[in-house]
Amino acid sequence: MPHTFDAEAVRTWCGLALEALGRAREGIDAINVYPVADGDTGTNLYLTVESAAHAVGAAFNGHAATGTASRPSLGDAIGAMAHGALIGAHGNSGTILAQMLRGMADVLAEQDEEGAAASEARDAGDVRHAGGAVLSRALLRAADSARNAVARPVEGTVLTVAASAAAAAARAVGVPPTGHGASAPRGTETGHGAATGHGARTGHGARTGQGAAAGHGAERAAAYGAATASEDGAVPGTRGTPATRPPAAPVGAVARAAYEGACAALEATTGQLDVLARAGVVDAGGYGLVTVLGALAETLTGERTTAPTSPLRAAPGSHALGPGRSDAEPRERRRPAAPPGSLPPAERSADADAPYDADTSERAPADGGHSGQPAGCDGEPITGPAYEVIYLLEADDTAVARLRGRLDALGDSLVIVGGDGLWNVHVHVDDAGAAVEAGIQAGRPYRLRITHFGAAAERRLKRETPPREPKRTDGPRGTGHGARGERAARSVVLVVPGDGLAALCAEAGATVVTARPGEPPASGELVDAIRRAHAHEVVLLPNDAELRHTAAAAAAQMRTEGVRVALIPTRSVVQGIAALAVHEEDRGFDEDVVAMTSAAGATRYAELAVAERQSWTMAGVCQAGDVLGLIDGDVVVIGADLLATARTVLDRMLAAGGEMVTLVLGAGVPNSLAERLEEHVRERHLAVDTVNYRGEQPSAPLLIGIE
């Protein structure tokens, strides 16, 4: 059954987009040849959408805390999605996608306000979903916002695909195909969207005149006004008659039209940029956007979209891309000349909230960072700036306007997105320090990431380990091996919920990622932790069922960098502790993984939590303040006392047998609780040992493991 475009649809869209990008990630990385052939566009988009999905989930959880029937409005949900993408944007493509989502959020927030006002007037409750005309308007704003955020727009990129998707959506609601999404005659060089003219990039393989879009003329203004039509077809402010009101279009049909328009535009990108034509591929960022729009269409129609047959462009003259071509005959495909298995480069990343450290050991060589001319994914020398610099910035609009000018003079691929005091800055430069200093002068930069293109390309082509990094101190999200020395034979990386457990596991030689309440680590943080472990072989323990896909993506990325990673899908930190306890570096890798997996699987887990509100559970109705006993994730006991509830949970678990009880005390829980539970186990369950740790986790007062 097709969905309406409401908050739940936004959550479904996030999930489907993340799954689709997870499947397409490696292929998108492989065709990434523009603007820099660094082979990470698919990974960047995946990490960006992952951050967006986490933010939407947090928005739903926050509303659920206020009442069992409470959920966010459509504007709240898409706003959370946009904010999550903004703070977690990776690379040029992720930054542009974040701005597109912000454009959609602006329109849908307006829809929320208008709907609420109308509902108040007729006393009918909030309007919490949007129809086809509003979606068309949102996609148009998204395409415009993305184009305006790019300092020097180029046709044949994700901007072109976004514009064509918006134009197709506009046609679906009866709007003439004008504006950026409309095709212009060959040789047209008008407006902001042309490959030449105001703000256009020249000299980077852009073909002028082929597929250039028409500019912001009167026709575009008319199209935008028509795209703001209400669901009954009336254009606001026109006093229209029935003859001027186009019929309302279902939101699913508009989403499907946008997806198909994007597919058609993606097919044409090969002919719009020389670098794409030489490699025989379509634009990687455009392919990623098609994937995201396909997930939106699937969400709003209830029908699975047929993805393009492959991220790789077919031989000239064929038509491999587009809806409905999954059964196309096999064709000889031309792939960029990348070595087999070469995927995303290692990313040198500062800790999430750490200030910029100018004392780095990796500097641009005197010739601008290109000595040796390392080859990119297409086998050609990388000739652009040496560094990609990304950071979040707290600054006002005036300061950001000055920052745009400074960074545009320093490098290229400049994209600054955001607003309301928070911005995501992306630029390619030779002087990374100058780019960061410009941000410091504009406001407060943080979450700094600097990638050296030349070093990344050399590692991919030569299959070398990442270069030695400067000595660094670990931030609050991770502990482990700080400075890089000789690569270890094997290491364990695991996620824990508290500082006490982090110290315990680090003392045992593991590399640790500490999860904050309501803020699970993203794939990039797990990748950073595996790199910090600096080992040839790594065992990854996520210790949370919801981190399974995130951990799998991190493991897959690190395997492409030559690290042998085994993922053991632990669902609780007590399972991770059990696995770590039997870890032995001296035995064979496979044997060690089997032993750790067996120990984790033999550990049943439970936790005690305090209910925040009245709610239905499998054990009945709980009230705010009740103590909940959960076994394997399900509520089985509701009590008023922590000690009594813990005893009941232990008795239920030990009724099925057990030899060892592990107790992990949360923040603020007295040690006497563990002592009294140990006494209870000794008295009631013979030959069962008990061990306890101070985990200091803030979310659960007690974690229990039974081996």
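Along the sequence shown, residues carry numbers from 1.
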**Q** Do Val574 and Ile704 come close enough that some side-chain heavy atom pair is under 4.5 Å?
**A**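 Side-chain contact under 4.5 Å: no.
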**Q** So Leu673 and Leu663, do their side chains get closer than 4.5 Å, heavy atoms only?
**A**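 Result no, sub-4.5 Å side-chain heavy-atom pair not found.
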**Q** Determine whether Ile568 and Val539 make a side-chain contact, defined as any pair of heavy atoms from C-beta on separated by less than 4.5 Å.
**A**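 Ile568 reaches Val539 side chain to side chain.
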**Q** Distance-only, no hydrogens or angles: does the Trp13 side chain make a donor-acceptor pair with backbone N or O of Val292 under 3.5 Å?
**A**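 Looks like yes, one N/O pair under 3.5 Å.
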**Q** Kindly indicate, with the supporting measurements, whether the criterion side chain to side chain contact (heavy atoms under 4.5 Å, CB included) is fulfilled by His680 and Asp651.
**A** CA-CA 9 Å; His680 176 78; Asp651 290 342; 2.9 Å; yes
**Q** Flag yes if more than 12 heavy atoms outside Asp641 fall under 6.0 Å of its CG atom; otherwise flag no.
**A**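 Enclosed.
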**Q** For residues Ile638 and Leu628, determine if any side-chain heavy atom of one lies less than 4.5 Å from a side-chain heavy atom of the other.
**A**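 Heavy-atom side-chain distance check passes, below 4.5 Å.
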**Q** So, using side-chain hydrogen bond (donor to acceptor under 3.5 Å, both in side chains) as the criterion, who are the partners of Thr570 when residues are at least two apart?
**A**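 Per chain and number, Thr570 pairs via side-chain hydrogen bond (donor to acceptor under 3.5 Å, both in side chains) with Asn543.
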**Q** Under the 3.5 angstrom rule, does the side chain of Glu525 hit a backbone N or O of Ala522 as a donor-acceptor pair?
**A**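 Confirmed, Glu525 side chain pairs with Ala522 backbone.
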**Q** Which heavy atom in Ala55 sits nearest to a heavy atom in Ala80, and how many Å separate them?
**A**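 Here Ala55 and Ala80 meet closest at CB-O, 3.2 Å.
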**Q** Ala640 and Thr645: which non-hydrogen atoms are nearest, and at how many Å?
**A**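 The answer is N-OG1, 4.3 Å.
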**Q** Please indicate whether His54 has more than 12 foreign heavy atoms, meaning atoms of other residues, nucleotides or ligands, lying under 6.0 Å from its NE2.
**A**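 Counting other residues, nucleotides and ligands, NE2 of His54 exceeds 12 neighbours.
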**Q** Working to the nearest 0.5 Å, report the span between CE of Met104 and CD1 of Ile78.
**A**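 Reported value, rounded in 0.5 Å steps: 5.0 Å.
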**Q** More than 12 foreign heavy atoms under 6.0 Å from CD of Glu546: is that the case here?
**A**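 Counting neighbours around CD of Glu546, 12 or fewer heavy atoms of other residues, nucleotides or ligands fall under 6.0 Å, so no.
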**Q** Any side-chain to backbone donor/acceptor pair from Thr603 onto Ala599? Under 3.5 Å, distance only.
**A**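 Yes; judged by distance alone, with no hydrogens or angles, the pair exists.
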**Q** Ignoring hydrogens and geometry, is there a side-chain-to-backbone donor-acceptor pair from Gln623 to Asp626 under 3.5 Å?
**A**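 It does not hold such a pair.
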**Q** Just by distance, do the side chain of Glu561 and the backbone of Arg531 share a donor-acceptor pair under 3.5 Å?
**A**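 No; judged by distance alone, with no hydrogens or angles, the pair does not exist.
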**Q** Quick one: list whatever passes salt bridge (charged side-chain N to carboxylate O under 4.0 Å, His left out) with Asp420, sequence neighbours left out.
**A**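 Counting only residues at least two positions away or on another chain, Asp420 forms a salt bridge (charged side-chain N to carboxylate O under 4.0 Å, His left out) with Arg102.
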**Q** With a cut-off of 6.0 Å (strictly less than), are more than 12 heavy atoms of other residues, nucleotides or ligands near CZ of Arg548?
**A**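 Atom CZ in Arg548 is not crowded, with 12 or fewer foreign heavy atoms closer than 6.0 Å.
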**Q** Please determine whether a side-chain nitrogen of the Lys or Arg among Arg11 and Glu8 lies less than 4.0 Å from a carboxylate oxygen of the Asp or Glu.
**A**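 Yes, charged N to carboxylate O under 4.0 Å.
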**Q** Are Leu702 and Leu677 close enough, and set up right, to give a side chain to side chain contact (heavy atoms under 4.5 Å, CB included), and what steps lead you there?
**A** CA-CA 11 Å; Leu702 180 66; Leu677 291 176; 3.8 Å; yes
**Q** Measuring from atom CE of Met660 to atom CG of Asp689, what distance do you get when rounded to the nearest 0.5 angstrom?
**A**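 Between atom CE of Met660 and atom CG of Asp689 there are 5.0 Å.
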**Q** Rounded at 0.5 Å granularity, tell me how far NE2 in His83 sits from CG in Leu422.
**A**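 Reported value, rounded in 0.5 Å steps: 6.0 Å.
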**Q** Indicate whether any N or O donor in one side chain lies under 3.5 Å from an N or O acceptor in the other, for Asn44 and Ser93.
**A**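 Side-chain D/A pair, Asn44 to Ser93: absent.
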**Q** Determine whether a donor-acceptor pair (N or O, by modelled atom type, separation under 3.5 Å) exists between the side chain of Ser51 and the backbone of Gly84.
**A**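 Side chain of Ser51 to backbone of Gly84: a pair is present.
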**Q** Show, in sequence, the C-alpha distance, side-chain angles and deciding distance for Leu494 and Val512, and conclude whether the side chain to side chain contact (heavy atoms under 4.5 Å, CB included) test is met.
**A** CA-CA 5 Å; Leu494 73 170; Val512 179; 4.1 Å; yes
**Q** Can any side-chain N or O of Ser598 pair as donor or acceptor with the backbone N or O of Val594 at less than 3.5 Å?
**A**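 No; zero donor-acceptor contacts below 3.5 Å.
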**Q** Any side-chain heavy atom of Leu18 sitting closer than 4.5 Å to one from His549?
**A**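 No, every pair of side-chain atoms sits at 4.5 Å or beyond.
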**Q** Is there a donor-acceptor pair under 3.5 Å between the side chain of Arg444 and the backbone N or O of Ala395?
**A**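 Such a contact is absent between Arg444 side chain and Ala395 backbone.
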**Q** Please determine, by modelled atom types, if Glu50 and Ser523 share a side-chain donor-acceptor pair under 3.5 angstrom.
**A**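 Yes, Ser523 and Glu50 have a side-chain donor paired with an acceptor closer than 3.5 Å.
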**Q** Once you round to the nearest 0.5 Å, how far does CD of Glu675 lie from CD of Glu679?
**A**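 Going from the CD atom of Glu675 to the CD atom of Glu679 covers 9.5 Å.
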**Q** May I ask you to decide if Ile631's main-chain N or O and Arg604's side chain share a donor-acceptor pair within less than 3.5 Å?
**A**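 No.
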**Q** Working to the nearest 0.5 Å, report the span between CZ of Arg571 and CG of Leu541.
**A**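 CG of Leu541 is found 14.0 Å from CZ of Arg571.
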**Q** Heavy atoms only: give me the nearest Leu665-Gln697 pair and the separation to one decimal.
**A**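 Looks like O-OE1, 3.4 Å.
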**Q** Provide the closest heavy-atom pair for Thr662 versus Glu707 in the form atom of the first, atom of the second, distance.
**A**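 In this case the closest contact between Thr662 and Glu707 is OG1-OE2, 3.9 Å.
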**Q** Phe589 ring centre to Arg564 NZ or CZ under 6.0 Å, with the angle to the axis within 45°?
**A**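 Arg564 over Phe589 ring: no.
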**Q** For His583 and Asp592: C-alpha separation, side-chain torsions, deciding distance, then whether side chain to side chain contact (heavy atoms under 4.5 Å, CB included) applies.
**A** CA-CA 6 Å; His583 163 60; Asp592 195 29; 2.7 Å; yes
**Q** Would you say the side-chain atoms of Thr560 pair up with the backbone N or O of Gln557, donor to acceptor, closer than 3.5 Å?
**A**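 Checking the backbone N and O of Gln557 against the side chain of Thr560, a donor-acceptor pair under 3.5 Å is found.
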**Q** Are any non-hydrogen side-chain atoms of Pro520 and Thr550 less than 4.5 angstrom apart?
**A**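 SC-SC contact between Pro520 and Thr550 ruled out.
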**Q** Nearest heavy-atom pair of Val495 and Ala515: which atoms, and what distance?
**A**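 Closest pair (atom of Val495, atom of Ala515, distance): CG1-CB, 3.9 Å.
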**Q** A side-chain contact here means heavy atoms from C-beta on lying under 4.5 Å apart; do Leu547 and Leu526 qualify?
**A**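 Answer no - side chains too far apart.
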**Q** If I take atom NE2 from residue His90 and atom CD1 from residue Ile390, how far apart are they, to the nearest 0.5 angstrom?
**A**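 It is 7.0 Å, given to the nearest 0.5 Å.
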**Q** Is any side-chain heavy atom of Leu650 closer than 4.5 Å to a side-chain heavy atom of Ile706?
**A**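 Heavy-atom side-chain distance check passes, below 4.5 Å.
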**Q** Determine the minimum heavy-atom distance between Pro670 and Arg694, stating which atoms define it.
**A**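 Closest heavy-atom pair between Pro670 and Arg694: C-NH1, 4.1 Å.
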